[in-house]
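In what follows, residues are counted from 1 in the order of the sequence shown.
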Amino acid sequence: MYEFKDEFLTGIEQIDNEHRKLFEIAEELYTLKNEQFIPDKYDNIREILIQLKNYTITHFEHEEAYMESIGYKRMFTQKIQHDALREIVNEWDLEALDENQDEAIDEMLRTITDWLVNHILNQDKLIGK
Ligand SMILES: [Fe+2]
Ligand SMILES: [Fe+2]
(Lines give C-alpha, C1' and ligand atoms only; values in the text may rest on other atoms or scores of the structure.)
(Ligands and ions follow the chains in the order given, each with its own letter.)
Protein backbone atom coordinates (compact mmCIF):
# COMPACT_ATOMS: atom_id res chain seq x y z
CA MET A 1 0.00 0.00 0.00
CA TYR A 2 2.64 2.51 1.04
CA GLU A 3 5.56 1.67 -1.17
CA PHE A 4 8.53 3.86 -1.91
CA LYS A 5 8.61 4.62 -5.61
CA ASP A 6 11.49 5.59 -7.88
CA GLU A 7 9.77 8.88 -8.65
CA PHE A 8 10.42 9.87 -5.00
CA LEU A 9 14.20 9.68 -5.44
CA THR A 10 16.06 12.92 -4.79
CA GLY A 11 19.49 11.57 -5.69
CA ILE A 12 20.80 12.27 -2.19
CA GLU A 13 21.48 8.90 -0.66
CA GLN A 14 20.86 9.64 3.00
CA ILE A 15 17.64 11.50 2.29
CA ASP A 16 16.39 8.76 -0.02
CA ASN A 17 17.20 6.08 2.56
CA GLU A 18 15.33 7.96 5.25
CA HIS A 19 12.32 8.52 2.99
CA ARG A 20 12.36 4.80 2.15
CA LYS A 21 12.41 3.97 5.84
CA LEU A 22 9.41 6.24 6.48
CA PHE A 23 7.38 4.35 3.90
CA GLU A 24 8.49 1.03 5.42
CA ILE A 25 7.23 2.11 8.82
CA ALA A 26 3.93 3.30 7.30
CA GLU A 27 3.53 -0.03 5.49
CA GLU A 28 4.25 -1.95 8.67
CA LEU A 29 1.56 0.03 10.45
CA TYR A 30 -0.93 -0.51 7.64
CA THR A 31 -0.29 -4.27 7.58
CA LEU A 32 -0.61 -4.62 11.33
CA LYS A 33 -3.78 -2.57 11.44
CA ASN A 34 -5.41 -4.89 8.93
CA GLU A 35 -4.45 -8.11 10.69
CA GLN A 36 -7.56 -9.55 12.24
CA PHE A 37 -6.69 -11.68 15.22
CA ILE A 38 -3.65 -10.32 16.97
CA PRO A 39 -4.01 -9.88 20.71
CA ASP A 40 -2.88 -6.54 22.09
CA LYS A 41 -2.54 -5.22 18.58
CA TYR A 42 -3.09 -1.65 19.71
CA ASP A 43 0.01 -1.67 21.90
CA ASN A 44 2.04 -2.43 18.79
CA ILE A 45 0.14 0.10 16.72
CA ARG A 46 0.92 2.74 19.31
CA GLU A 47 4.60 1.81 19.23
CA ILE A 48 4.78 2.01 15.45
CA LEU A 49 2.99 5.35 15.42
CA ILE A 50 5.50 6.68 17.94
CA GLN A 51 8.28 5.35 15.71
CA LEU A 52 6.73 7.01 12.65
CA LYS A 53 6.41 10.31 14.48
CA ASN A 54 9.93 10.22 15.92
CA TYR A 55 11.54 9.13 12.69
CA THR A 56 9.78 11.93 10.81
CA ILE A 57 11.12 14.49 13.29
CA THR A 58 14.63 13.01 13.09
CA HIS A 59 14.49 12.97 9.31
CA PHE A 60 13.55 16.66 9.21
CA GLU A 61 16.52 17.47 11.45
CA HIS A 62 18.89 15.58 9.15
CA GLU A 63 17.42 17.10 6.02
CA GLU A 64 17.62 20.62 7.44
CA ALA A 65 21.24 20.04 8.49
CA TYR A 66 22.04 18.85 4.98
CA MET A 67 20.34 21.85 3.36
CA GLU A 68 22.24 24.17 5.67
CA SER A 69 25.53 22.48 4.81
CA ILE A 70 25.05 23.17 1.11
CA GLY A 71 23.57 26.66 1.61
CA TYR A 72 20.31 25.56 0.04
CA LYS A 73 18.28 28.54 -1.11
CA ARG A 74 14.79 27.12 -0.60
CA MET A 75 15.47 26.12 2.98
CA PHE A 76 12.99 28.64 4.40
CA THR A 77 10.06 27.08 2.51
CA GLN A 78 11.22 23.64 3.60
CA LYS A 79 11.34 24.67 7.25
CA ILE A 80 7.86 26.16 7.14
CA GLN A 81 6.49 22.96 5.65
CA HIS A 82 8.40 20.75 8.10
CA ASP A 83 7.08 22.87 10.98
CA ALA A 84 3.51 22.28 9.78
CA LEU A 85 3.89 18.50 9.92
CA ARG A 86 5.89 18.63 13.17
CA GLU A 87 2.93 20.46 14.67
CA ILE A 88 0.46 17.87 13.37
CA VAL A 89 2.36 14.84 14.67
CA ASN A 90 3.01 16.51 18.00
CA GLU A 91 -0.74 16.83 18.47
CA TRP A 92 -1.39 13.12 17.96
CA ASP A 93 -2.95 11.62 21.05
CA LEU A 94 -1.29 8.21 21.13
CA GLU A 95 -2.37 7.33 24.64
CA ALA A 96 -6.02 6.85 23.75
CA LEU A 97 -5.66 4.32 20.93
CA ASP A 98 -7.73 1.16 21.12
CA GLU A 99 -10.14 -0.79 18.94
CA ASN A 100 -12.54 2.14 18.90
CA GLN A 101 -9.90 4.33 17.36
CA ASP A 102 -9.44 2.66 13.99
CA GLU A 103 -10.60 5.75 12.16
CA ALA A 104 -8.17 7.94 14.06
CA ILE A 105 -5.32 5.56 13.17
CA ASP A 106 -6.35 5.55 9.49
CA GLU A 107 -6.48 9.30 9.55
CA MET A 108 -2.99 9.63 11.03
CA LEU A 109 -1.55 7.19 8.52
CA ARG A 110 -3.26 8.92 5.61
CA THR A 111 -2.28 12.40 6.76
CA ILE A 112 1.39 11.60 7.15
CA THR A 113 1.77 9.57 3.95
CA ASP A 114 -0.16 12.06 1.78
CA TRP A 115 1.89 14.83 3.28
CA LEU A 116 5.19 13.05 2.69
CA VAL A 117 4.45 12.13 -0.92
CA ASN A 118 3.41 15.67 -1.71
CA HIS A 119 6.37 17.22 0.07
CA ILE A 120 8.94 14.85 -1.41
CA LEU A 121 7.68 15.41 -4.95
CA ASN A 122 7.27 19.19 -4.65
CA GLN A 123 10.11 20.17 -2.32
CA ASP A 124 12.64 17.46 -1.47
CA LYS A 125 13.26 16.54 -5.10
CA LEU A 126 14.44 20.10 -5.74
CA ILE A 127 17.26 19.75 -3.18
CA GLY A 128 19.16 17.39 -5.44
CA LYS A 129 18.80 19.56 -8.51
FE1 LIG B 1 12.31 14.71 3.37
FE1 LIG C 1 11.74 18.24 3.38
Exercise for the section: Walk me through it: do L116 and H19 pass the test side chain to side chain contact (heavy atoms under 4.5 Å, CB included)? Expected result: CA-CA 8 Å; L116 283 169; H19 288 161; 5.6 Å; no
Of all heavy-atom pairs between [X] and [Y], which one has the smallest distance, and what is that distance?
| X | Y | result |
| --- | --- | --- |
| T113 | A26 | CG2-CB, 3.7 Å |
| Q101 | L97 | CG-CA, 3.8 Å |
| D124 | T10 | O-CG2, 3.5 Å |

Heavy-atom donor-acceptor pair, [X] side chain to [Y] backbone, under 3.5 Å:
| X | Y | result |
| --- | --- | --- |
| N90 | R86 | yes |
| K41 | K33 | yes |
| Q123 | Q78 | no |
| D16 | G11 | yes |

Are [X] and [Y] side-chain neighbours, meaning at least one heavy-atom pair lies under 4.5 Å?
| X | Y | result |
| --- | --- | --- |
| D102 | Y42 | yes |
| Q14 | Y66 | no |
| L126 | Y72 | yes |
| E64 | M75 | yes |
| E24 | E28 | no |
| Y2 | L29 | no |
| I127 | I70 | yes |
| E18 | L22 | no |

Under a 4.5 Å side-chain heavy-atom rule over Ile, Leu, Val, Met, Phe, Trp and Tyr, are [X] and [Y] clustered together?
| X | Y | result |
| --- | --- | --- |
| V89 | W115 | yes |
| M67 | I57 | no |
| F60 | I15 | no |

Interatomic spacing from [atom1] in [X] to [atom2] in [Y] - rounded to 0.5 Å:
| X | Y | atom1 | atom2 | result |
| --- | --- | --- | --- | --- |
| I45 | D40 | CD1 | CG | 11.0 Å |
| L109 | L52 | CG | CG | 7.0 Å |
| L49 | N54 | CG | CG | 10.5 Å |
| I88 | I112 | CD1 | CD1 | 9.0 Å |
| E35 | N44 | CD | CG | 10.5 Å |
| I38 | L32 | CD1 | CG | 5.0 Å |

Practice task
Can you establish whether the number of heavy atoms outside E13 located under 6.0 Å from its atom CD is more than 12?
Solution key: no
Handout entry: Criterion side-chain hydrogen bond (donor to acceptor under 3.5 Å, both in side chains) on Q51 and E47, from CA distance to verdict
Key = CA-CA 6 Å; Q51 214 187 323; E47 263 174 45; over 6 Å; no
Handout entry: Linked hydrophobic residues, F76 as query - side chain contacts closer than 4.5 Å
Key = I80
Practice task
Check whether the ring centres of F8 and F23 lie less than 6.0 Å apart, and answer yes or no.
Solution key: yes
Problem - side chain to side chain contact (heavy atoms under 4.5 Å, CB included) assessment of M108 paired with L94 - result: CA-CA 10 Å; M108 288 179 204; L94 301 174; 4.0 Å; yes
Problem - Side-chain ion pair, R110 and E107, N-O less than 4.0 Å - result: yes
Exercise for the section: Output all residues satisfying salt bridge (charged side-chain N to carboxylate O under 4.0 Å, His left out) with R20, sequence neighbours left out; order by chain, then residue number. Expected result: none
Handout entry: Evaluation steps, side chain to side chain contact (heavy atoms under 4.5 Å, CB included), between I105 and Y30
Key = CA-CA 9 Å; I105 296 164; Y30 179 78; over 6 Å; no
Handout entry: H119, E87, H59 screened by side-chain hydrogen bond (donor to acceptor under 3.5 Å, both in side chains) with H82, the one that passes
Key = H119
